[in-house]
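For reference, the structure is listed below as structure tokens.
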Amino acid sequence: MKLLRYYTPAILWIILILVLCTLPGNDIPSNSFLDKIHFDKFVHFGLFGGIVLFLSLGIYQQKKYISNRTLWLLVLIAAGYGLAIEFIQKYWAINRSFDMYDLVADTLGAIAGIWVFKIVVYLFFNKDK
């Protein structure tokens, strides 16, 4: 049960992504300006960056250390989850489709999650300031 406290934010975040990404297409508000600037790609970027950030923070808080190899493994896991979500949208979600650019945004966001994690650790966990 103690492990759960480290990973609860990540678990809730991953569930939130699943819920949001499987909403029927008709339930997603549309705005011509946001469509023109491809705002949904920024949303994907942030959501999947959050996966890496929250999982990394959980591991770091639990073990007080996380290797670069583990960080990149988390990127692969987040990108794989993004791919799975795209297939769920294609085959099971109502009025949703597979979008390769969403997958690119997911992957780039996951990579950015490493940088955000390192900044958070430096600012809030680094005792040698």
Given Leu74 and Ile66, is the side-chain contact (heavy atoms from CB on, under 4.5 Å) satisfied, shown in steps? CA-CA 11 Å; Leu74 294 177; Ile66 186 169; 4.2 Å; yes
Take Phe98 and Leu83 through the side-chain contact (heavy atoms from CB on, under 4.5 Å) test and state the conclusion after the steps. CA-CA 9 Å; Phe98 188 101; Leu83 180 62; 4.0 Å; yes
Before you tell me yes or no, could you show the steps for Leu18 and Tyr81 under side-chain contact (heavy atoms from CB on, under 4.5 Å), namely the whole-Å CA-CA distance, both residues' side-chain angles and the distance that decides it to 0.1 Å? CA-CA 9 Å; Leu18 181 63; Tyr81 185 58; 3.3 Å; yes
Going through the distances and angles, do Trp13 and Leu47 end up as a side-chain contact (heavy atoms from CB on, under 4.5 Å)? CA-CA 8 Å; Trp13 192 256; Leu47 289 173; 3.7 Å; yes
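Leu71 places a side-chain heavy atom less than 4.5 Å from the side chain of Ser56. Contact of the Phe54 side chain with the Ile11 side chain is not registered, since no non-hydrogen atoms from C-beta on lie closer than 4.5 Å. Between Phe39 and Asp35, the closest side-chain pair of non-hydrogen atoms is not below 4.5 Å.
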Name the atoms and distances for all side-chain donor-acceptor pairs under 3.5 Å in residues 104-119, with sequence neighbours left out.
from: Asp106; atom 1: OD1; to: His44; atom 2: ND1; distance (Å): 2.8
from: Thr107; atom 1: OG1; to: Leu103; atom 2: O; distance (Å): 3.0
from: Lys118; atom 1: NZ; to: Asn68; atom 2: OD1; distance (Å): 3.0

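No chain of hydrophobic side-chain contacts below 4.5 Å, direct or via other Ile, Leu, Val, Met, Phe, Trp or Tyr residues, connects Ile59 to Tyr65. At a threshold of 4.5 Å between side-chain heavy atoms, the hydrophobic network of Ile, Leu, Val, Met, Phe, Trp and Tyr places Leu76 and Leu57 in two separate groups. Hydrophobic clustering places Leu16 together with Ile14 (ILVMFWY residues linked when any side-chain heavy atoms are closer than 4.5 Å, directly or through intermediates). Leu3 is not connected to Leu12 by any chain of hydrophobic side-chain contacts under 4.5 Å among Ile, Leu, Val, Met, Phe, Trp and Tyr, and they are in different clusters.
Taken to the nearest 0.5 Å, the CD1 atom of Ile51 stands 3.5 Å off from the CD1 atom of Ile17. Distance CD1/Ile77 to CG/Leu73: 4.0 Å, rounded to 0.5 Å. Distance check, rounded to the nearest 0.5 Å: OG of Ser67 to CH2 of Trp72 gives 12.5 Å. Summarising the geometry, atom CG belonging to Asp40 is positioned 8.0 Å from atom NE2 belonging to His38; distances are rounded to the nearest 0.5 Å.
Ring geometry for Phe125 versus Tyr60: interplanar angle over 60°, hence perpendicular rather than tilted (30 to 60°).
At least one donor-acceptor pair closer than 3.5 Å links the side chain of Gln89 to the backbone N or O of Cys21. Between the side chain of Arg96 and the backbone N or O of Leu23 there is at least one donor-acceptor pair closer than 3.5 Å.
Across all non-hydrogen atoms, the minimal contact from Gln61 to Lys64 is O-NZ, 2.9 Å.
Between Asp99 and Lys41, at least one side-chain N (NZ, or NE/NH1/NH2) sits under 4.0 Å from a carboxylate O, which counts as a salt bridge.
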